[in-house]
Amino acid sequence: MPFKPVQPGADFPKLEESVLDFWRENRIYEQSLQQRDGQTRYVFFEGPPTANGKPHPGHCLTRAIKDLFPRYKTMRGFFCERKAGWDTHGLPVEVEVCKELGIHSKEDIEAFGVEPFIHKCQQSVWQYMQQWEQLTERLGFWVKLDEAYVTYHQSYVESVWWSLKNLYDRDLLYEGHKIIWWWAQGGTALSAGEVGQGYKTVKDPSVFVLFPLVDQTDFDKPTSLLVWTTTPWTLPSNQFAAVNESIEYAVAYDAELDQNVILAKDLVESIGAKRKRELEVKSTFMGGELIGKRYVPPFDYYYKTQGDLTGKLKTGQTQHRAWRITAADFVTTDSGTGAVHEAPAFGEVDYQLLADEQARFETGEGPELICAVAPNGKFTEQAPDYEGQWVKDTDKAISRRLKDEGKLYLLEQYEHEYPFCWRADDDPLIQYPRRSWFIRTTRHKDNMLANNQQINWLPEHIKDGRFGNFLESNVDWALSRERYWGTPLPIWRCEETGRTEAIGGYEEVTSKPGATGMEVWEQAKAADPELADDLKVHKPYIDHITYDSPFAEGAKMKRVTEVIDCWYDSGAMPFAQWGYPHKGHEEFKAQFPADFISEALDQTRGWFYSQLAISTLLFGDDQGGTEKVEFPHPFRNCIVLGLMLGEDGQKMSKSKRNYREPREIFDKYGADALRWYFYANQPPWTAIRYREQTIKESIPEFILRMWNVYSFFVLYANIDEFDPASIADPGDLTAENLSSGEGYRPIAERGELDRWIISELNRTLASVVEKMDAYDNFGAAGAINQFVDVLSNWYVRRSRDRFWAGDKQSPEKLDAYWTLYECLTSTAKMVAPFVPFVSEVIWQNLTSTFGGKTPSSVHLCDYPLTNDSHIDGDLSRRMSLLREIASLGLSARASEKLKVRQPLSGVTVILNDTTDQAWLTEHDELLKTELNVQDVTYTTDAGQYVSYSVVPNFKRLGPRVGKLMPQVKKAFGAADAAAMMAELADAGATSIEVAGESISLDNEDIEVRLAAKEGWAAAQGTGVVVVLATELTPELIRAGYSRDLVRFIQDHRKELDLERTDRINIVIATDSDDLKQAIEENKEYVCSETLAVSLEIVSMAKATNDMIDKEIGEHAFKLRVTKA
RNA sequence: GGUCGUGUAGCUCAGUUGGUUAGAGCGCGUCGCUGAUAACGACGAGGUCCCAAGUUCGAAUCUUGGCACGACCA
């Protein structure tokens, strides 16, 4: 047998395991690379996942997409190396370790000891490594795991250092303040994610405070700006009041106080109502007029010494540094007064306002940040009245004092969401300024925007939508973290002068004059030789290294204590994965930028940004960058994957268990099923509902259907001993390779059906390649699916009798084999990147007969190319028309309740476009079999069956007649369709009267519609009507009986467990003359269908006990089948 | 509150540049086929294309507004 027999119900997960073994043992991935060595590179970057969490279904999607395109491109001839990577630093790792140790705060970590803590972090990173590697392999994601880059490795860290030094030296890395959410009791900052977890609804005081204006000359009464805040404790640190320039404000007179207040005009009434009095509007003006006016703040702790300080503006003028009214467009009239108190120390936007103010002044002349609160959340000596008190506890006292001093206009309770610490949920967080290191990304915003424009984003709206918007509102990157497990910030500071410098590598710092402290690492290593050498560039070891300060005689340089944001690590991956520039020059040059990356939407502000920012700053700057590189970099094409949801459409959650573990999916359905589900069910960027049911359906809908065609082929090829081994040079089994096979006839010489399916194959190949080149896996999968469907449901279905035919060497039969063989081998190659396992199994069995002359793996083949000469558009169109006719015939049968087994004398087909009629007539046989009719007639003169109507071709006539269209439509409805058609046929043109105008029409302007008339067994399609002859003659009925009989015999053969090739003897006992006649008339047919060598008819009286009772219609009979 | 996305059949989702019969799969119903057979096929029912207004001869598709959901950011 040329092919290994195929089990119809395949166990795909089991097959996949054996394919994995084959790949591993034969190093197929490595071979697929070697084979392309020297070819054009297709560069892929792996976005590093963190291995300290379990992989979940979302990671399967990412990895499935990441695998698809490199596999495809490799088959297309590109050289595509795939280096794995792991993201290993950051707070999540520390939190994991803290959990394990049962500790929380930084103090706890310090008490535990930074050194053992770091050791634990480094181990914890690999906690789920094995699971990740298993998942990666099981899914069929080909990536070089054993050469993975790891962000904590020394070479990686040193690469990062090099880049940071580069930025530092170009004044792109600086120290400043950052307002962060601060857990005062715990003494630590919280990440955005942590803050998000801790929101609670609380009531806070909402105070309306009078800020008297310094310059009262324009007013007849004492006048104050009415300012609003919900954090009274920040008032002692007030520096500005902000209004919106484009809001209208009013001076309103409060008769009870005999004072004026200034507030947003729209709020005068509502605030008056709250104080239960009417405020009299004296004048109104735009907010812009208030800008620059000075006021007296409610607390004078700073004001009394600094209130009169002025500074020099960059314009040359002089202005008071603080306690002025400034403009801010975040001020609204939604709540409050339209005037907002600004304490820049305690709010991010407020701090930005201060920064903007500072920028207006000459260096050193502007306002300094004021902060009367210590990091522990208690007031400092700067606010002596409250010194030592927890800020949130002073809200009441402050309100009371303001009231006593007549500065409080109104006090309310205000309900809102406020963040608390997720680890201590009674502790409210406060926004608080910390020293921090920043990357000056804003300086290169334009470059980043320009770079972004060159990237091909999928979906496209990311470019100018989410990502573009994010870049537009770029702020400097707050890089440093006051944590432990991360890439140490390579900045050393002079302990005497405070001056700093950046270091670009380990060697660099240890070879500095007077460098000491390296022995701390050496001792640790000596004590525990198991320690990873990479740890020496980490805390605490690196912190011990000091050297002589170049800035002050006798002083030492010490490293700053911070580590960096781990997003920087991952964003540095394009060069750091190679250790560039300390090593890996060639690799970096050859593999930058990437042709393709893909991650989920949440990476917009993560990896997508960090890569683009770092790359643009380092390599895109023509003023001082190391080298000018054309945009885009570091990636050209990026598929942004949608978020994955659980079974219930909710976010996937471990605790809700609303999703199946990937492993379970692999075991039950296999990796191919999961992959196909990801590729073929929706474009990858839509939110994907991860449903077991849908994954399961990939099997019958695609994989099994393809498998059934394959198993059908193998079954009959083995029976008929069809063996392609005669091909001299099988190669990749391209169409050309196949042509030297024994019994192979050129496609053009084969029957219509064969030519058609080969045409469909080539059309599909063209479409798949076009779509895959455009990163449209969904479209490509759709085309593939359609092809496999027609292959199975039309080609094989309609060709079955050829496979069953007796003569093994008949050209028609061989054509069928060669055609199906080509379809299957091409399909295996075509689907290989999508479903790498099942395609491998099919390929290997279909090529095993060549004894190693073909590639041992489908993944070592070239992607199949389209053979344009085999595409026949006319044939395609005609065949689909033929299929429509068949479908309509079946529909008509169904509505008349005439089962297909009952032969009918004929169908009449009426086409409104007769172009293809001649062709169709030649293919009556197909229709006859499919519809079980004896005759097929085409007619044009079909007035008795159908009525014609005409409708305008809107697309064509619309632009021409414009507004007249509705009337044209009406006129068409009223027109005599037959007459118009006749005129068109005669003269090639006709016309229609509309609104007194004659509109001339040609063939294209008119669509003819057919409708079946009542009283016929007919079905209508868009341009075709099929009418059944429903009259049943006795002959037809008897022919129907014979088909029933065949079915009974076949059933019985199966019950007897006969081989498909076994011959049989049949004995039938009946007293029905009709039945006897039916059998006699169709004896030859019955025998050939059932492989009977004899068929004997006897009377019931002669029946024996071993015969079984059956009935056809009302005719009873007995049946015996025996093996001949 | 801002930005972006989504809203189409019972469910999961397609729908190419606006063109008058809006599709697929699953599920459901009816039937068929019986040498691919623990498969397979056909046919059918099922839709105010979220709502409203606008542009247009014509809107699921374009514009604006609203509603709902989701994500990100405040």
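A quick note: this is a predicted structure, and the numbers were derived from the prediction, not measured. Quick note on labels: first sequence line is chain A, next is B, and so on, each numbered from 1.
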Classify the nucleic acid contact of [X] as base, sugar-phosphate or nothing, counting any heavy atom under 4.0 Å across all strands shown.
| X | answer |
| --- | --- |
| A:Arg893 | nothing |
| A:Val709 | base |
| A:Leu890 | sugar-phosphate |
| A:Arg956 | nothing |
| A:Pro459 | nothing |
| A:Phe803 | nothing |
| A:Val796 | base |
| A:Gln1050 | base |

Which nucleotide in [options] has an atom nearest any side-chain atom of [X]:
| X | options | value |
| --- | --- | --- |
| A:Pro683 | B:U3, B:C57, B:A14 | B:A14 |
| A:Leu643 | B:C11, B:A36, B:A71 | B:A71 |
| A:Arg1047 | B:U3, B:G44, B:U34 | B:U34 |
| A:Asn793 | B:C57, B:G41, B:A42 | B:G41 |
| A:Phe712 | B:A71, B:C26, B:A36 | B:A36 |
| A:Lys955 | B:U17, B:C57, B:A36 | B:U17 |
| A:Lys969 | B:A71, B:U20, B:C43 | B:U20 |

**Report entry** SB check A:Asp1005 A:Arg956 (cutoff 4.0 Å)
**Finding:**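 So A:Asp1005 pairs with A:Arg956 through a salt bridge.
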
Query raised in the report: Can we say A:Lys1110 and A:Asp1044 salt-bridge, meaning some charged N sits less than 4.0 Å from an Asp/Glu carboxylate O?
Result: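 Looking at A:Lys1110 and A:Asp1044, the cut-off is not met.
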
Query - Closest contact, heavy atoms only, A:Ile1112 versus A:Tyr1041 - result: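 Answer, listing the atom of A:Ile1112 first, then A:Tyr1041: CG2-CD2, 3.4 Å.
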
Write down the distance between [atom1] ([X]) and [atom2] ([N]), rounded to a whole number of angstrom.
| X | N | atom1 | atom2 | result |
| --- | --- | --- | --- | --- |
| A:Phe470 | B:G5 | CZ | P | 17 Å |
| A:Asp602 | B:U3 | CG | P | 22 Å |
| A:Leu641 | B:C72 | CG | C1' | 16 Å |
| A:Asn452 | B:C4 | CG | C1' | 14 Å |
| A:Asp789 | B:A42 | CG | C1' | 13 Å |
| A:Ile699 | B:C26 | CD1 | P | 14 Å |
| A:Leu471 | B:U3 | CG | P | 17 Å |
| A:Trp457 | B:C4 | CH2 | P | 16 Å |

[N] and [M]: how far apart are their [atom1] atoms, nearest whole angstrom?
| N | M | atom1 | result |
| --- | --- | --- | --- |
| B:C51 | B:U8 | C1' | 15 Å |
| B:U12 | B:G47 | C1' | 16 Å |
| B:C13 | B:U6 | P | 14 Å |
| B:G23 | B:C49 | P | 14 Å |
| B:G19 | B:A59 | C1' | 10 Å |
| B:A9 | B:U61 | P | 15 Å |
| B:U17 | B:G58 | C1' | 16 Å |
| B:U16 | B:A60 | C1' | 14 Å |

Side-chain N,O ([X]) to OP1/OP2 ([N]) below 4.0 Å:
| X | N | result |
| --- | --- | --- |
| A:Arg800 | B:A36 | yes |
| A:Thr686 | B:A14 | yes |
| A:Arg689 | B:U12 | yes |

Side-chain donor/acceptor of [X] to base of [N], under 3.5 Å:
| X | N | result |
| --- | --- | --- |
| A:Arg466 | B:A71 | yes |
| A:Ser792 | B:A36 | yes |
| A:Arg691 | B:U12 | no |

Taking a pair as Watson-Crick or G-U wobble with both distances under 3.5 Å, which nucleotide is matched to [N]?
| N | result |
| --- | --- |
| B:A24 | B:U12 |
| B:C4 | B:G70 |
| B:C40 | B:G32 |
| B:A52 | B:U64 |

Query raised in the report: Nearest nucleotide by nearest heavy atom, which residue falls closer to the 5' end of RNA chain B, A:Val1046 or A:Ala687?
Result: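 Nearer the 5' end of the strand: A:Ala687.
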
Query - Residue whose closest nucleotide on RNA chain B lies nearer the 5' end, A:Val951 versus A:Asp1044 - result: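 Its nearest nucleotide being more 5', the pick is A:Val951.
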
Report task. Check the angle between the aromatic planes of A:Tyr677 and A:Tyr690 and answer parallel, tilted or perpendicular using the 30° and 60° thresholds. Result ->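 A:Tyr677 vs A:Tyr690 ring planes: perpendicular.
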
Would you say [X]'s side chain and [Y]'s backbone share a donor-acceptor pair under 3.5 angstrom?
| X | Y | result |
| --- | --- | --- |
| A:Lys813 | A:Phe803 | yes |
| A:Ser799 | A:Tyr795 | yes |
| A:Asp720 | A:Phe722 | no |
| A:Asn452 | A:Lys463 | yes |
| A:Thr441 | A:Val475 | yes |

